[in-house]
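Take a look at the structure below.
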Amino acid sequence: LSHAIHKHMQKILIVLASLLLVGCSTFSKYSAVEYNNAVAEKVNATTSNIKEIHELYVSGIPVSITEESEIDTAEMTQAFLLREDRTSEIEKLSKLESKDPEQEAAVEEKLTEYIEAVNEYYATYEEILSYYKDGGYKEDPTQVKPLDEILSHKYNEFTDINNEMSDTLE
């Protein structure tokens, strides 16, 4: 029960911090450090979600799959549902303003690439998750390896863009 209350309080604090962040952004510009910290907070939350769902996928999908295999996608689905919160928070970052226009332009350029990579990964993951949830692997297990490769490629692309985003925010 204590863990559940703690998790609930964390969610409330995140919502309040987000409201404060969006509210403050309409009244003033952020210093370079504040701006980078605000962006990093949202980027880190999204990155954590993608890492979590990817790790759940890797650990939840067996190496060898046949028509008789049973794959439980509940945990992968639950983690995936958080994506809507993460992407909406990331998209709100365009409302932030920095006191340093050059810094803001550099971050926004990289943020656009980051959002694109996030959306591509989530779209690919959703398609592949549906394949497993709907039992597609039982009808055509030959698609397992190509789908794994596609998701792995999208994850690597995301990781590269994420690293570039982190470098931009340093």
Side-chain angles (χ1 to χ4, degrees), residues 3 7 10-11 14-15 17-18 21-22 35-96 103-170:
H3 180 66
K7 283 292 203 187
Q10 281 181 324
K11 288 179 185 178
I14 289 170
V15 170
S18 297
L21 182 66
V22 172
Y35 182 83
N36 282 354
N37 288 342
V39 171
E41 178 184 344
K42 302 303 180 198
V43 165
N44 289 342
T46 302
T47 298
S48 292
N49 179 246
I50 288 180
K51 285 180 178 180
E52 178 186 5
I53 65 173
H54 193 75
E55 288 169 8
L56 287 169
Y57 175 83
V58 169
S59 66
I61 304 300
V63 175
S64 178
I65 296 177
T66 67
E67 292 87 351
E68 290 81 33
S69 297
E70 292 296 326
I71 298 173
D72 183 2
T73 60
E75 200 173 5
M76 290 184 282
T77 301
Q78 188 63 32
F80 183 66
L81 293 175
L82 292 174
R83 83 192 180 294
E84 291 176 14
D85 293 337
R86 302 296 180 251
T87 53
S88 68
E89 290 299 315
I90 286 289
E91 290 168 0
K92 289 177 187 175
L93 290 174
S94 64
K95 296 177 183 176
L96 296 180
Q103 173 217 18
E104 184 178 333
V107 170
E108 283 188 6
E109 179 182 336
K110 198 49 66 182
L111 188 59
T112 300
E113 293 175 26
Y114 178 84
I115 291 170
E116 185 178 309
V118 165
N119 289 335
E120 285 180 19
Y121 180 82
Y122 280 145
T124 303
Y125 189 89
E126 183 173 34
E127 182 181 322
I128 292 171
L129 183 59
S130 291
Y131 169 79
Y132 288 106
K133 280 175 62 172
D134 299 341
Y137 65 94
K138 291 182 179 202
E139 296 168 20
D140 188 6
T142 63
Q143 291 301 306
V144 171
K145 185 176 180 181
L147 291 175
D148 282 351
E149 290 171 356
I150 290 168
L151 189 63
S152 179
H153 177 72
K154 290 296 180 187
Y155 184 73
N156 290 337
E157 285 180 346
F158 164 77
T159 300
D160 290 345
I161 294 294
N162 182 62
N163 291 340
E164 291 173 18
M165 185 77 215
S166 293
D167 290 346
T168 302
L169 293 172
E170 287 181 353

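What's counted below: heavy atoms across the whole structure, side chains too, no hydrogens, waters or symmetry copies. The first residue of the sequence shown is numbered 1, and numbering continues consecutively from there.
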Value rounded to 0.5 Å, distance of [atom1] in [X] from [atom2] in [Y]:
| X | Y | atom1 | atom2 | answer |
| --- | --- | --- | --- | --- |
| Q143 | D148 | CD | CG | 11.0 Å |
| I161 | I115 | CD1 | CD1 | 12.0 Å |
| S94 | L96 | OG | CG | 8.0 Å |
| N119 | Y114 | CG | OH | 10.5 Å |
| T159 | I50 | OG1 | CD1 | 8.5 Å |
| I65 | L147 | CD1 | CG | 9.5 Å |

What is the minimum heavy-atom distance between [X] and [Y], and which atoms define it?
| X | Y | value |
| --- | --- | --- |
| S69 | S64 | OG-O, 4.2 Å |
| M165 | V39 | CE-CG1, 3.7 Å |
| Y131 | D140 | OH-O, 2.6 Å |
| N36 | L169 | ND2-O, 3.2 Å |
| G60 | I71 | O-CG2, 4.0 Å |

Taking side chain as C-beta onward, heavy atoms only, is [X] less than 4.5 Å from [Y]?
| X | Y | answer |
| --- | --- | --- |
| E157 | K154 | yes |
| V118 | N162 | no |
| E139 | D134 | no |
| E126 | R83 | yes |
| T124 | Y155 | no |
| Y57 | L129 | no |
| L151 | H54 | yes |
| I53 | Y121 | yes |

Counting only pairs under 3.5 Å, give me each side-chain donor-acceptor contact of residues 74-82, with atom names and distances, residues two or more places apart or in other chains.
from, atom 1, to, atom 2, distance (Å)
T77, OG1, T73, O, 2.8

* Can you find a side-chain donor-acceptor pair between E149 and H153 that sits under 3.5 Å? ->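 Looking only at side-chain atoms, H153 and E149 do not form any donor-acceptor pair under 3.5 Å.
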
Can you name the residues that form a salt bridge (Lys or Arg N to Asp or Glu O under 4.0 Å) with [X], not counting sequence neighbours?
| X | result |
| --- | --- |
| E108 | none |
| E55 | none |
| E127 | none |
| K138 | E70 |

* Asked: Considering residues, nucleotides and ligands other than E109, do more than 12 of their heavy atoms fall under 6.0 Å from its CD?
  ->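 Atom CD in E109 is not crowded, with 12 or fewer foreign heavy atoms closer than 6.0 Å.
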
* Test ring pair (Phe, Tyr, Trp, His ring centres under 6.0 Å) applied to Y137 - qualifying residues, sequence neighbours left out ->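 Result, ring pair (Phe, Tyr, Trp, His ring centres under 6.0 Å) vs Y137: Y132.
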
